[in-house]
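When a residue number appears, it is its place in the shown sequence, counting from 1. As a basis for the values below, the full set of heavy atoms in this structure was taken, side chains included, without hydrogen atoms, waters or symmetry mates.
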Amino acid sequence: MVEHSTLHKVVVIGGGYAGTLAANRLRMRTDVSVTLVNSRPKFVERIRLHQFVAGNYDAAVDYGTLLGDDVQLVVDNATRIDTASRTVELASGRTLDYDYVIHAVGSTGAVPASVPGAVDFAYSVAEFEFAERLRARLAELPADAAVTVVGGGLTGIETAAELAEQGRAVTLVCGGTLAPALSAAGRRSVATWLSEHGVTVLEAGVVAEVRRDAVVLTDGSVRQGALTIWTAGFVVPGLAAASGLRVDALGRLLTDEALVSVDDDRIVAAGDAASPSGRPLRMSCQAAGWLGVQAADAVLSRIAGTTPAVVKMVFNGSCISLGRHAGTMQYSDQDDTPLDSVLDGPKAAEIKEELCRRAVMGITMEARNPGVIVLKNAGQEAAGMAAAS
């Protein structure tokens, strides 16, 4: 660590993969006071929430095992960043002074009010509390009760697969294309597993209405089901917009290429809530980790009086779990363009599990030794970081 005397107060808003990693890394300097604001007292392994819903994994981790001893955790909700007074206003009425803010509020699922019945009857898996509600409801249902999953993206696929492996009758309504982010080979791999495990895939199906015990599609057909799980679409919490900062169409903070807000150079973004030059990266654990490292480094550069480095991101692909014993590893170019190269089956499941484990391991590594993670080029992963979906 670098020894300095003047104290610099940094408030990190959001305790997900990006924010927690950034909070630990900021401790590379001894003159930085780090406060992490998060709405719940535990870290949530969001990329494992489909496992939590199925009842085979506890996705909550005590922050005491993840944060450096000198990171102060404040369990509260940030409601506004007052850039004039340099304070963060909290829902409790408390305010936190800052010299710099890292805006790492993440993203959340969007159950659309425009679809009749969706808000009233559909369950979400996007947040821990939503997943708790869904898990409890699933436990009440008979083992053979039919379930409908809406959304053909990676979250929908993983959720459908987890439940199908347990023997549930699952219908997956994709709304256009199954796994649109994958290559043709990747989609075939996923489709084959789903078919072999009895999942009914309605690739072109679009939900027009959600009922308590069914969904109605735009073609007028009705699919019966004991419950509906909505996984289509993500949004960003409205903190940046509420603070008068410019955002993109989804509410992500607009930044320059170094993740610094275009409106205030004391605010840096990380993770799903960052939109560098209006070209945000894919919302993913992989990107969140890299951006968490770079956001912390940008703040440290500002404190040191140097120019923050331009953000770099080297994608490796996406690994999708298909139950506990199979998966699909979709390799990609560095710019996240999917390749025809795919690995599937049990080996892909092993890789997925290792990547999920390493995502948390990277955070603990920074807690023990701030600055240990070094971002690599040429497609190599950062030490301790994950390419998990």
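A side-chain donor from one of S277 and E257 sits under 3.5 Å from a side-chain acceptor of the other.
For residues 107-117, the side chain to side chain donor-acceptor pair (under 3.5 Å) pairs, not counting sequence neighbours, are R46-S107, S107-D272, T108-E127. Listed by first and then second residue, the ring-ring contact (aromatic ring centres under 6.0 Å, His included) pairs that reach into residues 330-374 come to none, sequence neighbours excluded. Applying the salt bridge (Lys or Arg N to Asp or Glu O under 4.0 Å) test to every pair with at least one member in residues 58-69, sequence neighbours left out, gives no pairs at all. Within the structure, every pair that satisfies the side chain to side chain donor-acceptor pair (under 3.5 Å) test and touches residues 161-172, not counting sequence neighbours, is listed here: N56-E162, E162-R324, T171-R223. Residue pairs meeting the ring-ring contact (aromatic ring centres under 6.0 Å, His included) criterion with at least one partner in residues 40-83, sequence neighbours excluded, are Y17-F43, F52-F128.
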Side-chain donor-acceptor pairs of residues 136-146 under 3.5 Å, sequence neighbours excluded:
residue: R137; atom: NH1; partner: E140; partner atom: OE1; Å: 2.9

Identify each donor-acceptor pair in which a side-chain atom of residues 190-197 lies under 3.5 Å from a protein atom, sequence neighbours left out, and give them as a table.
residue: T192; atom: OG1; partner: R188; partner atom: O; Å: 2.8
residue: H197; atom: ND1; partner: W193; partner atom: O; Å: 2.9

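Residues meeting the side chain to side chain donor-acceptor pair (under 3.5 Å) test with D336, sequence neighbours left out: R282. For V71, the side-chain contact (heavy atoms from CB on, under 4.5 Å) partners two or more places apart in sequence, or in a different chain, are A23, N24, R27, V34, L36, L67. With sequence neighbours left out, the salt bridge (charged side-chain N to carboxylate O under 4.0 Å, His left out) criterion links D120 to no other residue. With sequence neighbours excluded, the residues that form a side-chain contact (heavy atoms from CB on, under 4.5 Å) with A179 are I157, L182, R187. For Y98, there are no ring pair (Phe, Tyr, Trp, His ring centres under 6.0 Å) partners, not counting sequence neighbours.
Salt-bridge check for R358 with E353: failed, with every basic side-chain N at 4.0 Å or more from each acidic carboxylate O. Classification of R357 and E354 as a salt-bridged pair holds, one side-chain N sitting under 4.0 Å from a carboxylate O. A salt bridge is absent between R94 and D76; no separation between the charged side-chain nitrogens and carboxylate oxygens falls under 4.0 Å.
L375 has its side chain within reach of W290: a pair of non-hydrogen atoms, C-beta onward, lies under 4.5 Å apart.
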